[in-house]
Trainee: 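Would you mind keeping the following structure in view while I ask a few things?
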Amino acid sequence: MKTGRLSEQAATYAAYERYIAELGEDNSAFRAKFREAFFHALQEQLTARQYQVLWMSEVEGLSGKEIAYRLGISQSAVSRHLARGKKRLRILLAYNLELRNNAFA
């Protein structure tokens, strides 16, 4: 049965390599779908406010002061939402990377 497991791992690794190669290609439709899925997953993992503050900070490039003004919250609240959102995101990414590394070990 070890041969079956090795061939399964080889197939999984090959699929992963194809996936990475596709990411590098100029395939705007694929990238759009990937972005859509990524941001949907983020919305499920973060609170609505954390997502909103992270989006404004990282995607729109707004400062903490600008975000606070737009949302009507204090700058310290913006900082808290950013810190907690990034922490939750790091945990999620680390968990997924750990799973990926275990799959290809």
Side-chain angles (χ1 to χ4, degrees):
M1 272 297 131
K2 189 168 182 139
T3 305
R5 176 150 167 77
L6 287 177
S7 62
E8 182 181 323
Q9 281 183 336
T12 302
Y13 186 74
Y16 170 74
E17 289 295 318
R18 281 192 306 274
Y19 172 75
I20 295 299
E22 287 176 1
L23 280 177
E25 293 175 0
D26 187 20
N27 185 341
S28 59
F30 177 79
R31 287 179 184 270
K33 282 291 190 187
F34 180 81
R35 262 193 316 274
E36 182 182 324
F38 179 75
F39 286 116
H40 179 72
L42 277 181
Q43 283 180 317
E44 290 181 357
Q45 295 298 315
L46 302 175
T47 66
R49 185 64 78 172
Q50 288 170 349
Y51 180 82
Q52 189 176 28
V53 170
L54 273 171
W55 179 272
M56 294 173 95
S57 173
E58 301 300 327
V59 177
E60 295 180 15
L62 299 177
S63 70
K65 187 176 183 176
E66 292 169 317
I67 295 169
Y69 176 76
R70 283 192 181 184
L71 298 178
I73 60 177
S74 69
Q75 285 184 337
S76 62
V78 169
S79 295
R80 276 193 313 275
H81 289 302
L82 276 174
R84 291 176 182 165
K86 286 180 179 182
K87 181 180 179 182
R88 194 176 277 190
L89 182 58
R90 276 192 304 273
I91 290 168
L92 175 66
L93 291 173
Y95 175 74
N96 286 321
L97 289 173
E98 181 181 311
L99 286 178
R100 186 188 77 191
N101 288 337
N102 288 338
F104 300 113

Trainee: Determine which pairs satisfy side-chain hydrogen bond (donor to acceptor under 3.5 Å, both in side chains) with at least one residue from residues 75-84, sequence neighbours left out, and list them in order.
Mentor: S74-S76
Trainee: Suppose we screen for side-chain contact (heavy atoms from CB on, under 4.5 Å). Which residues come up paired with E66, at least two apart in sequence or across chains?
Mentor: L62, S63
Trainee: Identify the heavy atoms of R88 and T47 that sit nearest to each other, and give their distance.
Mentor: NH1-N, 3.8 Å
Trainee: Hey, could you give me each pair passing salt bridge (Lys or Arg N to Asp or Glu O under 4.0 Å) that has a residue in residues 70-79? Not counting sequence neighbours.
Mentor: E60-R70
Trainee: What pair of heavy atoms forms the shortest contact from L42 to L89, and how long is it?
Mentor: CD2-CD1, 3.1 Å
Trainee: Can you name the residues that form a salt bridge (Lys or Arg N to Asp or Glu O under 4.0 Å) with E44, not counting sequence neighbours?
Mentor: none
Trainee: Under the side-chain contact (heavy atoms from CB on, under 4.5 Å) test, which residues partner K86, sequence neighbours left out?
Mentor: L54, E58, L82, R90
Trainee: With R49, which residues qualify under salt bridge (Lys or Arg N to Asp or Glu O under 4.0 Å), at least two apart?
Mentor: none
